[in-house]
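Chain A is the first sequence line, chain B the second, and so forth, proteins listed ahead of strands; every chain is numbered from 1. Hydrogens, waters and symmetry mates play no part in the numbers below; they use all other heavy atoms, side chains included.
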Amino acid sequence: MLRTHNCGELRAALAGEQVRLAGWVHHKRHHGGVLFIDLRDRYGRTQLTFKPESKALFERAEKIGHETVIAIDGTVTVRPAEARNPELPTGEIEVIVERMEILSAAETPPFVIEDEVNASEETRLKYRYLDLRRPEMQSATILRSHANRVTRDFLFAEGFLEIETATLVRSTPEGARDFLVPSRLQNGKFYALPQSPQVYKQLLMIAGFDRYFQLARCYRDEDLRADRQLEFTQIDIEMSFVDETDVLDLAERLLARLMSDLCGVNIKLPLPRIPFEEAMLRYGSDKPDLRFGLEIHDLSEIVKMSGFQVFTSAVESGGAVRAICVPGGAALSRKQIDELTAKAVKFGAKGLAQTKFEGGVFTGGIAKFLSENEMAGISGEFHPAEGSIILFVADSIATCERVLGALRLDLANQLDLIPKGSWEAHFVVDFPMFEVEEETGRLVARHHAFTQPKPEDVHLLETDPAKVRARAYDLVLNGYEIAGGSIRTHSSELLACVLRVIELTEDKAREKFGFLLDAMKYGAPPHGGIAFGYDRMMMLFAGRSSIRDVIVFPKTTAGQSLMDNCPNTVDAEQLSELGIKFDEGKIDR
RNA sequence: GGGGUCGUGGUGUAGCCUGGUUAACACAUCGGCCUGUCAAGCCGAAGAGCGCGGGUUCAAAUCCCGUCGACCCCGCCA
């Protein structure tokens with residue numbers, strides 16, 4: 001071995017031991033007569049001390065640059081009392097170096113390897129291997145590895161099998177845009193990379209594997225965001241002979257285990273189950289952040305006869321008047337209110353009505369349009385504290401939800417209403433089965449076509465499909481959707497009903513997933529499952545605000561890897577083997 | 001597809017609004033001093049012509065247009 005110990009483990013108890021350490025030169029402190037080098041590896045830092053008695057060694061050490069990889073032999077020594085560093089686990093000791101070998105010289109790095117990042121993300125991504133040396137990136141990466149282990153331990157103990165599924169799969173036009181892989185053996189045909197192992201895990205249930213999981217890499221060719229990458233990882237889970245209670249129970253216990261083992265946070269189980277409709281009404285979001293209040297109230301009934309035209313016409317045309325009450329909001333400046341209004345407009349509102357509650361009365365803004373009764377009604381809803389502001393949106397229900405949901409989040413951040421270090425998890429359940437596709441006006445499955453409608457809503461499939469709720473659920477942590485799933489339809493008849501609603505002809509359905517329809521004829525057990533967005537979850541656990549910080553080699557928002565410069569062009573030969581020619585007019589350059 | 005923020009020595013920023021002598025600061029780098037520091041300290045040096053292209057002007061890092069790149073958001077992501 002090139003080392004007898006790592007850089008994080010030496011303690012005073014080992015004083016006098018002869019050790020061999022290897023690592024990177026982190027910091028160098030030269031005092032003329034004595035020279036310190038902090039040697040770093042993923043376990044920590046150890047102070048190496050060079051004394052001038054050994055002149056040749058001292059002179060070599062003086063010349064060593066940052067990030068050089070060295071190995072040393074030396075003696076563990078307890079530091080003089082006044083020179084101990086209580087900040088470091090190894091701060092009690094130092095290693096007096098007797099021999100040093102340079103294993104690999106380093107050029108001056110483009111940025112200092114420190115947690116106090118002073119490099120831009122662009123630079124960090126270009127030199128990702130250096131960025132990953134920073135303790136913060138090391139701990140996020142290590143955290144993720146531990147999470148893998150905890151997840152596997154937990155699921156194996158629950159009787160699950162880890163089964164890998166194909167990543168060259170059939171393309172389906174449903175859902176996100178597929179990444180396509182051209183076939184050489186069958187020119188003109190393509191594989192797709194899986195958006196998720198969804199159909200394959202269902203087939204595994206039909207095959208009798210009962211309890212399946214996989215840390216599955218998924219690919220979606222859509223625009224990137226702070227919490228979205230082209231490729232990402234799911235903890236993909238599917239179970240047979242279960243109902244939603246079983247799946248949610250397992251999912252929340254897995255989350256609780258991960259949080260306690262990785263973050264030392266204990267969450268109370270069972271987690272709240274919030275119906276979709278309630279989430280939308282009270283929080284304007286299907287993934288509400290419940291770490292703070294600012295609940296939305298529906299005031300339609302109270303103000304539908306109001307003298308304020310905007311309110312009455314919204315209610316008359318089937319919309320609503322909804323509002324949030326912001327404590328301390330009366331102190332918002334004119335400029336801040338204008339900014340909120342601009343935000344509301346950006347999200348589709350025509351404007352943002354407001355009134356302040358000061359001196360025990362509503363004042364300013366739209367107060368002059370409100371009758372005594374209406375004011376009393378609004379007070380009754382909110383019981384506003386002195387110095388609050390009420391923000392109203394009068395519009396279609398969907399717009400009210402979207403706008404107030406966005407403002408609620410915005411204000412929480414702006415007013416610092418989210419307690420630091422707080423955690424809040426819950427399920428959102430009873431999602432609608434279908435939603436209207438914006439462009440075509442057609443109904444499409446909100447989750448996917450294999451989601452089972454709630455039995456008590458099945459009779460609505462023919463008459464009022466928009467009202468049908470699904471046996472679908474999401475798990476929300478601190479306002480992020482970290483898992484989602486459903487109980488699947490395992491009966492061909494019910495599935496046929498659903499496919500009729502989304503106007504998928506039998507032919508088309510056969511073409512898209514005939515193999516799954518066939519499989520369901522041969523004895524499909526009732527089954528359901530859930531998939532965790534692993535990167536998002538790791539981001540939250542690591543306290544970061546971008547999943548790029550928990551992915552070792554991520555892409556930029558333009559889908560580029562700045563380090564190895566991909567995507568890149570390929571040889572003409574490779575293309576010709578695949579039978580691919582470019583439409584030159586379409587290529588960016 | 002759309003909106004916004006940013007791009008200045010190796011790195012991070014200031015300067016830009018209100019164009020004008022040698023583009024400032026910190027870290028890193030190099031040299032010197034220093035026997036107890038741990039983001040060591042002190043002294044000194046070198047290092048950029050301001051993402052790229054065009055325009056306005058006597059004069060552009062600064063104003064205008066375009067373009068490229070990074071980031072945030074909307075759309076999109078069953």
Side-chain angles (χ1 to χ4, degrees), chain A residues 26-40 45-53 58 62-63 65-67 77 79-88 90-91 94 107-127 130-131 172-178 195-196 198-199 218-230 232 342-343 345-348 402 406 409-410 431-435 437-439 443-451 470 472 481 484-486 502 512 531 533 545-546 548 555-558 560 562 588-589:
Chain A
H26 187 63
H27 278 304
K28 217 167 78 173
R29 291 175 297 278
H30 198 326
H31 291 259
V34 63
L35 171 64
F36 303 110
I37 286 179
D38 287 337
L39 195 66
R40 186 196 71 235
R45 295 175 202 175
T46 298
Q47 175 163 290
L48 309 179
T49 304
F50 293 80
K51 307 261 184 173
E53 286 77 54
F58 195 86
E62 279 183 309
K63 290 200 186 74
H66 283 166
E67 299 306 311
T77 309
R79 296 190 196 182
E82 68 283 2
R84 292 180 193 156
N85 186 347
E87 307 282 305
L88 285 180
T90 60
E94 60 193 341
E107 289 186 10
T108 303
F111 53 88
V112 186
I113 312 298
E114 276 287 340
D115 265 352
E116 298 69 34
V117 201
N118 55 6
S120 66
E121 189 166 12
E122 201 169 348
T123 310
R124 290 171 48 207
L125 286 172
K126 183 169 176 195
Y127 300 95
L130 298 181
D131 187 37
T172 53
E174 300 271 293
R177 201 175 288 113
D178 276 330
Q195 296 176 24
S196 80
Q198 183 59 40
V199 291
C218 306
Y219 305 85
R220 294 180 189 172
D221 189 4
E222 298 292 345
D223 288 358
L224 298 88
R225 286 291 157 76
D227 63 349
R228 272 164 31 194
Q229 283 272 307
L230 300 178
F232 60 98
K343 178 118 185 162
V345 168
K346 186 177 146 196
F347 279 91
R402 188 171 60 244
L409 278 179
D410 213 55
F431 278 84
M433 181 74 199
F434 305 104
E435 66 189 350
E437 193 178 58
E438 220 33 68
E439 295 148 28
L443 280 185
V444 296
R446 187 187 167 98
H447 190 59
H448 58 65
F450 295 94
T451 299
E481 178 198 328
S486 65
I502 58 175
K512 283 182 179 172
S545 50
S546 162
R548 289 187 299 274
K555 310 282 187 286
T556 67
T557 50
Q560 299 245 12
L562 297 181
D588 305 336
R589 198 150 297 140

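Comparing the C1' positions of A59(B) and U13(B) gives a spacing of 27 Å, expressed to the nearest Å. Separation of the C1' atoms belonging to A48(B) and U29(B) is 15 Å when rounded to the nearest angstrom. Rounded to a whole angstrom, the distance from the C1' atom of G19(B) to that of U57(B) is 9 Å. Across the C1' atoms, G20(B) and G12(B) are found 28 Å apart, a figure rounded to whole Å. Taking the C1' atoms as reference points, U56(B) lies 13 Å from U62(B), given to the whole Å.
Rounded to an integer number of Å, the gap from K555(A) NZ to G69(B) P is 17 Å. One atom, CD of Q229(A), and another, C1' of C71(B), lie 13 Å apart when rounded to the nearest Å. One can place NE2 of H26(A) at 12 Å from P of A28(B), the figure rounded to the nearest angstrom. Summarising the geometry, the separation between CD on Q195(A) and C1' on C76(B) is reported as 12 Å, rounded to the nearest angstrom. Per the geometry, CZ belonging to F50(A) stands 18 Å off C1' belonging to C34(B), to the nearest Å. Residue F58(A) contributes atom CZ, which lies 11 Å from atom P of C34(B) at whole-angstrom precision. In this structure, the NE2 atom of H66(A) is 11 Å from the C1' atom of C27(B), given to the nearest Å. Atoms NZ (K343(A)) and C1' (C72(B)) sit 10 Å apart, rounded to a whole Å.
Using a 4.5 Å heavy-atom cutoff, the side chains of T451(A) and H448(A) are in contact. Residues F232(A) and R220(A) are in side-chain contact: their nearest non-hydrogen atoms beyond the backbone lie under 4.5 Å apart. Considering only heavy atoms from C-beta on, T49(A) comes within 4.5 Å of V34(A) through its side chain. The side-chain heavy atoms of R29(A) and D38(A), taken from C-beta on, include a pair separated by under 4.5 Å. For the pair N85(A) and R79(A), the minimum side-chain heavy-atom distance is below 4.5 Å. At least one side-chain heavy atom of P80(A) sits under 4.5 Å from a side-chain heavy atom of E94(A). By the 4.5 Å heavy-atom criterion applied to side chains, K28(A) and L35(A) are counted as neighbours. In this structure the side chain of E114(A) reaches within 4.5 angstrom of the side chain of H26(A), judged on heavy atoms.
Under 4.0 angstrom from either OP1 or OP2 of C71(B) there lies at least one side-chain N or O belonging to T557(A). For R548(A) and C72(B), the shortest distance from a side-chain N or O to OP1 or OP2 is below 4.0 Å.
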Contact list (N/O, under 3.5 angstrom) for nucleotides 2-8 of chain B vs protein:
none

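For C63(B), the paired nucleotide is G55(B), the pair qualifying as Watson-Crick or G-U wobble because both relevant distances are below 3.5 Å. In this entry G7(B) has C68(B) as its Watson-Crick or G-U wobble partner, both defining distances falling under 3.5 Å. Under the Watson-Crick and G-U wobble criteria, each requiring two contacts below 3.5 Å, nucleotide U29(B) is paired to A45(B). For U13(B), the paired base is A24(B) (Watson-Crick or G-U wobble, both distances below 3.5 Å).
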In 5'-to-3' order, the base (B), backbone-only (S) or no-contact (-) status of each nucleotide in nucleotides 38-47 of chain B, using a 4.0 angstrom heavy-atom cut-off, is BSB-------
In 5'-to-3' order, the base (B), backbone-only (S) or no-contact (-) status of each nucleotide in nucleotides 10-16 of chain B, using a 4.0 angstrom heavy-atom cut-off, is SSS----
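Picking from C76(B), C71(B), U35(B) the nucleotide with the shortest atom distance to the side chain of D223(A) gives C76(B). In this structure, of A70(B), C73(B), C77(B), it is A70(B) that holds the atom nearest to the side chain of Q560(A). Out of A70(B), C72(B), C77(B), the shortest distance to the side chain of E122(A) is found at A70(B).
D178(A) places a side-chain N or O within 3.5 Å of a backbone atom of T172(A) that can act as its donor or acceptor partner. Of the possible donor and acceptor atoms, none in the side chain of E67(A) sits under 3.5 Å from a partner among the backbone N and O of T108(A). Here the side chain of R124(A) pairs no donor or acceptor atom with the backbone of A119(A) at under 3.5 angstrom. No donor-acceptor pair closer than 3.5 Å links the side chain of Q229(A) to the backbone N or O of R548(A). In this structure a side-chain-to-backbone donor-acceptor pair under 3.5 Å is present from R402(A) to F347(A).
Using a 4.0 Å heavy-atom distance criterion, R177(A) is classed as making no nucleic acid contact. Here A226(A) lies in heavy-atom contact (under 4.0 Å) with sugar-phosphate atoms only.
The base of G36(B) sits within donor-acceptor range of the side chain of K51(A), with an N or O pair under 3.5 Å. For C76(B), its base never sits under 3.5 Å from the side chain of R220(A) at any donor and acceptor pair.
In terms of position along RNA chain B, the nucleotide closest to R402(A) lies nearer the 5' end than the nucleotide closest to the other residue of the pair S196(A) and R402(A).
Ring to ring, F36(A) and H27(A) are not that close: their centroids are 6.0 angstrom or more apart.
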